[in-house]
Structures are given as C-alpha cells and as structure tokens.
Enquirer: 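Right, I'll just put the structure down here and ask away after.
By convention in this document, chain letters (A, B, ...) are assigned in the order of the sequence lines, proteins followed by strands, and residues within each chain are numbered from 1.
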There are 2 protein chains.
Amino acid sequence: MARRHDPGRRQRITDAAVRVLMERGIAGLSHRAVAAEADVPLGSTTYHFSSLDDLLLAALREVNDAWLTRLERWEAALRPGRPLAGELARFVEESVRDERPRVELEYELYFAGLRRPAVRPLAAFCLDEMAGVLRRRVPDDATARALVALLDGLLLQLVLTGRECDREQIREAFARLVPQDGTGSPPGPAAG
Amino acid sequence: MARRHDPGRRQRITDAAVRVLMERGIAGLSHRAVAAEADVPLGSTTYHFSSLDDLLLAALREVNDAWLTRLERWEAALRPGRPLAGELARFVEESVRDERPRVELEYELYFAGLRRPAVRPLAAFCLDEMAGVLRRRVPDDATARALVALLDGLLLQLVLTGRECDREQIREAFARLVPQDGTGSPPGPAAG
DNA sequence: GGCCGGAGTGTACGGACGTACGCATCGTTG
DNA sequence: CAACGATGCGTACGTCCGTACACTCCGGCC
C-alpha cells in the first residue's frame with residue numbers, strides 16, 4: 001500500500017470522477033465506480049467526500065472550470081478585426097467537432113441542476129460567467145445573455161440531432177444578434 | 001381485485017409515470033414508484049412495458065406531445081398583425097410562469113437523450129417539430145432553427161437561474177432573429 | 001524507544017432496484 | 001357444465017448502492 005499521507009489524493013479522486021462522468025454520465029456516478037477508476041479503496045472516496053453529492057459537485061465544478069477556461073481562451077485569442085459572429089460560429093464548430101464529450105457533460109451539468117438543488121447554483125454560475133465573458137465584446141448585458149442562450153441552444157441541437165454543423169448558417173444567426181460587428185465593441189479603446 | 005381485462009390500464013400507467021417524472025425527475029423513475037402512483041400491482045408495470053426504458057420512453061413521448069401541442073396551439077392562435085417576436089416572448093413568459101414543471105421535464109427529456117440512445121431520436125424529433133411549427137411563420141429553415149435554439153437557451157436560463165423574466169429584453173432578442181416582422185411571412189397569402 | 005492520536009481503509013449492513021417466473025383468474029369453447 | 005388457454009399478478013432473487021464504523025497504521029511527542 002504505502003498510500004498513507006498521499007497528498008493530492010482528493011484531487012485524484014475528483015479527476016477520476018470526471019472520467020466516470022464522461023463515460024457513464026451522472027446516473028452512472030457511484031462511489032464504487034470512482035474508487036475503481038482512481039484505483040483507491042472504496043472507503044477513501046467516502047472519507048474525502050462527505051456524500052456522493054459532494055463528490056458530484058466537486059467533479060462538476062471541474063468540468064465547469066474546464067468549459068469556462070475554454071471560452072476564456074477563445075475570447076482572449078479574438079483578433080480585433082474579425083467579426084464576432086464568425087468567431088462564435090467557429091467556437092461552436094470546434095466544440096462539437098473536438099470536444100463533444102465535454103459539451104455533452106456540460107449540458108448534463110445543466111440538467112442535473114434542474115433537479116438537484118445543490119447543483120443549481122453551479123449551473124447558474126456557469127451561465128452568468130459565460131455571459132460575463134461575452135459581455136466584454138458586446139455593448140450590453142441583454143445581448144450577451146441572448147448570445148449565451150443561442151449558443152446553448154445551438155450546441156444542444158447539434159449534439160442531440162447529430163446533424164452536421166453548417167457554420168455559415170450559425171454565423172448568420174449570431175450576426176443578427178450582434179448589433180454592429182468587428183469583434184464586438186470593447187468598452188474602452190484598448191481596455192478590451 | 002376485479003381488475004381483469006382493464007382497458008386503458010397501460011395508459012393509466014403511462015400517465016402515472018408522467019406524474020412520477022414531474023415530481024422526482026428521470027432519476028426517480030422506477031417500476032415501484034410508478035406502480036404505487038398508478039395504484040396497480042408492481043407486476044402490472046413490468047407486464048405492460050417490456051423494460052424500464054420502454055416505460056420511460058412512453059412517458060417522455062407523452063410529455064413531448066403535450067409540449068408540442070402547446071406550441072401548436074400558440075401558433076394557431078397568432079394574430080396576423082402582431083409581430084412574431086412579441087408573441088414568442090409571451091410564449092416564453094407564460095411557459096416559465098405557468099408551466100415550469102413541464103418545461104423542466106421537457107429539458108430533462110433532452111438530458112436523457114444525451115446518454116440514452118433510445119431517447120435521443122425522440123429529443124431530435126422534438127427539436128425538428130418545433131422548428132417545423134416556427135417555419136410556418138418564418139421565411140427559411142435556418143431562421144426557424146435559430147429561433148428554436150434561442151427559445152431553448154432562454155428557457156433554460158430562466159429555469160436554471162430562477163431570474164425573473166424580462167419580457168421586453170426577450171422580445172428584442174427574438175426580433176433580431178426574425179428578418180422582417182408582422183407575425184412572420186406565411187409562404188402563401190392564405191396558405192397558413 | 002515507546003505510546004498516542006488522527007488519518008485512512010476494509011467490511012458489512014440495510015435498502016432499493018429490475019426482472020423472471022410460477023400461479024391465480026376469467027372468458028371462451030366444446 | 002367442465003376444461004383449457006391466455007391474460008395479468010405477487011413474490012422472490014440477485015445485484016448494486018450509500019454509508020457507518022471498527023480497525024490498522026504511521027508520524028510526532030514525551
């Protein structure tokens with residue numbers, strides 16, 4: 001064994017939980033599945049997390065962070081000259097092409113929030129953060145929230161129907177929501 | 001007992017399943033819960049439905065039908081003069097105000113579709129039908145699909161954050177997606 | 001060097017679940 | 001009226017789950 005005083009054990013369990021979620025979904029998350037995936041004894045998962053909900057929440061926070069980080073990176077890499085709508089369409093396309101499991105998991109998070117009071121704040125937080133990121137490129141909160149809604153709805157459609165992604169149509173839809181375009185309107189000249 | 005040859009028994013079980021789903025969500029659906037809710041013996045639920053997935057699917061079809069019917073009724077009641085965006089905003093507002101449990105359940109259906117192959121076609125069907133209904137009031141498929149995406153995204157946001165519904169903001173967002181407005185553009189003069 | 005406290009673990013318990021299957025029951029047929 | 005077949009039901013089995021808890025083991029302190 002020699003696993004005594006293993007720092008980062010908690011983190012390893014959380015990571016294993018994320019993998020379990022990715023493979024089996026929220027319904028498939030159990031102490032036993034996580035323990036096996038993390039290669040730790042069953043008791044270890046109940047020791048580090050006071051309940052299964054705790055474990056679920058920790059894992060979902062991880063998933064959520066990864067998702068928001070991806071969005072932040074996309075935002076940070078925006079070129080001033082390019083219209084925002086096209087870049088949003090690219091984000092959608094890349095999401096369903098390269099990160100489908102993560103997208104699916106992200107939406108499982110939302111839906112878990114529908115029923116589990118403990119998860120709901122996290123889902124709401126995610127929505128607000130996304131709006132906050134887009135807000136940097138758009139003149140008002142309402143537009144940012146509408147863009148988030150359209151983004152969520154489109155990703156959901158693409159993931160659920162498995163239909164191929166028509167980037168031009170998606171760009172057009174985003175373009176209608178963005179008032180004037182040129183990678184949005186940063187509040188200040190260089191404050192973006 | 002005297003329950004022999006009870007016609008509509010299957011339907012009663014399905015209805016009970018819908019109530020169970022409404023109260024406990026998909027994770028809470030079980031043969032036992034449904035049997036108790038429908039006041040039938042446990043064996044009856046396994047007799048009429050070959051598996052739990054069958055029962056879930058039947059119940060979700062019911063939920064789906066109710067949802068699409070609501071949308072159809074909304075569409076049928078549209079007045080020619082009124083702008084479509086405002087009517088869509090009204091639909092959103094009424095949905096979260098009066099039908100929140102049904103909305104939540106509808107999105108649980110989507111969620112179930114993410115993980116259960118048997119449910120996915122139903123979720124995809126629902127998305128297509130919604131687009132089909134909106135298509136009657138809008139000049140092209142792409143716009144209809146974008147409206148569905150925005151509708152889904154907005155409802156999701158409102159239900160998850162519990163934020164109050166700003167109807168004017170929502171109307172504005174829909175208005176940007178609808179090319180010109182006056183309750184859409186029916187293909188023919190009176191063709192509906 | 002020997003004890004002591006807490007960190008970590010293995011096991012066992014109680015309960016819920018899906019489903020298979022033998023049996024009761026009733027309409028039908030001769 | 002009697003027997004039979006299908007229709008419907010109650011029970012019981014095997015599995016998996018979350019969690020509690022007695023126990024082990026290691027690091028620090030006297």
Enquirer: Please report, rounded to the nearest Å, how far the C1' atom of dG18(D) is from the CG atom of Leu56(A).
Expert: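 After rounding, the reported distance stands at 14 Å.
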Enquirer: Among the nucleotides dT9(C), dG18(C), dG18(D), which one has an atom lying closest to any side-chain atom of Ser30(A)?
Expert: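 Shortest atom-to-atom distance from the side chain points to dG18(D).
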Enquirer: Do Glu94(B) and Arg90(B) meet the salt-bridge criterion of a basic N to acidic O distance under 4.0 Å?
Expert: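 Glu94(B) and Arg90(B): salt-bridged.
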Enquirer: Go through the structure and list residues passing salt bridge (Lys or Arg N to Asp or Glu O under 4.0 Å) with Asp152(B), not counting sequence neighbours.
Expert: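 If we apply the salt bridge (Lys or Arg N to Asp or Glu O under 4.0 Å) test to Asp152(B), skipping adjacent residues, there are no hits.
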Enquirer: Separation of Leu42(A) atom CG from dA12(C) atom P, in whole Å?
Expert: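 Roughly 13 Å, once rounded to whole Å.
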Enquirer: Does NZ or CZ of Arg9(A) lie under 6.0 Å from the centre of the six-membered ring of Tyr47(A), at an angle within 45° of the ring axis?
Expert: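 Judged by the rule (NZ or CZ under 6.0 Å from the ring centre, within 45° of its axis), Arg9(A) is not positioned above Tyr47(A).
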Enquirer: Whole angstrom is fine here: how far is it from OH in Tyr47(A) over to P in dT19(D)?
Expert: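 Going from OH in Tyr47(A) over to P in dT19(D) covers 17 Å.
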Enquirer: Which whole-number value in Å describes the distance from His31(B) NE2 to dG8(D) C1'?
Expert: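 Between C1' of dG8(D) and NE2 of His31(B): 15 Å.
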Enquirer: Distance check: side-chain N/O of Arg32(B) vs OP1/OP2 of dG15(C), anything under 4.0 Å?
Expert: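 The answer is no; no side-chain N or O of Arg32(B) sits under 4.0 Å from OP1 or OP2.
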Enquirer: Contact class for Thr46(B) vs. all strands (heavy atom < 4.0 Å): base, sugar-phosphate, or nothing?
Expert: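 The residue Thr46(B) makes base contact.
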Enquirer: Tell me the interatomic distance from Arg10(B), atom CZ, to dT7(D), atom C1', rounded to whole angstroms.
Expert: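 After rounding, the gap between these two atoms is 15 Å.
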Enquirer: Less than 6.0 angstrom from the centroid, inside 45 degrees of the normal: does Arg120(A) satisfy that with respect to the ring of Phe125(A)?
Expert: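 So Arg120(A) doesn't make the cation-pi contact.
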Enquirer: Specify the separation, in whole Å, of atom NE2 of His48(A) and atom C1' of dT19(D).
Expert: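 Rounded to whole Å, this separation is 17 Å.
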Enquirer: Would you say a side-chain N or O of Arg9(B) is under 4.0 Å from OP1 or OP2 of dC9(D)?
Expert: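 Answer yes for this pair, as a side-chain N or O of Arg9(B) is under 4.0 Å from OP1 or OP2.
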Enquirer: To the nearest Å, give me how far apart CG (Leu52(B)) and P (dA16(C)) are.
Expert: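 After rounding, the gap between these two atoms is 17 Å.
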Enquirer: With respect to the side chain of Pro41(B), which nucleotide from dG18(D), dT19(C), dG10(D) is positioned closest?
Expert: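 Shortest atom-to-atom distance from the side chain points to dG10(D).
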Enquirer: Do the side-chain N or O atoms of Ser44(B) get closer than 4.0 angstrom to the phosphate oxygens (OP1, OP2) of dC9(D)?
Expert: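 For Ser44(B), the contact criterion (side-chain N or O under 4.0 Å from OP1 or OP2 of dC9(D)) is met.
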Enquirer: Can you sort out the partners of Arg24(A) under side-chain hydrogen bond (donor to acceptor under 3.5 Å, both in side chains), two or more places apart, ordered by chain and number?
Expert: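 Not a single residue meets the side-chain hydrogen bond (donor to acceptor under 3.5 Å, both in side chains) criterion with Arg24(A).
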Enquirer: Can you check the Asp54(B) CG to dT19(C) C1' distance for me, whole Å?
Expert: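 In whole Å, dT19(C) C1' and Asp54(B) CG are 13 Å from each other.
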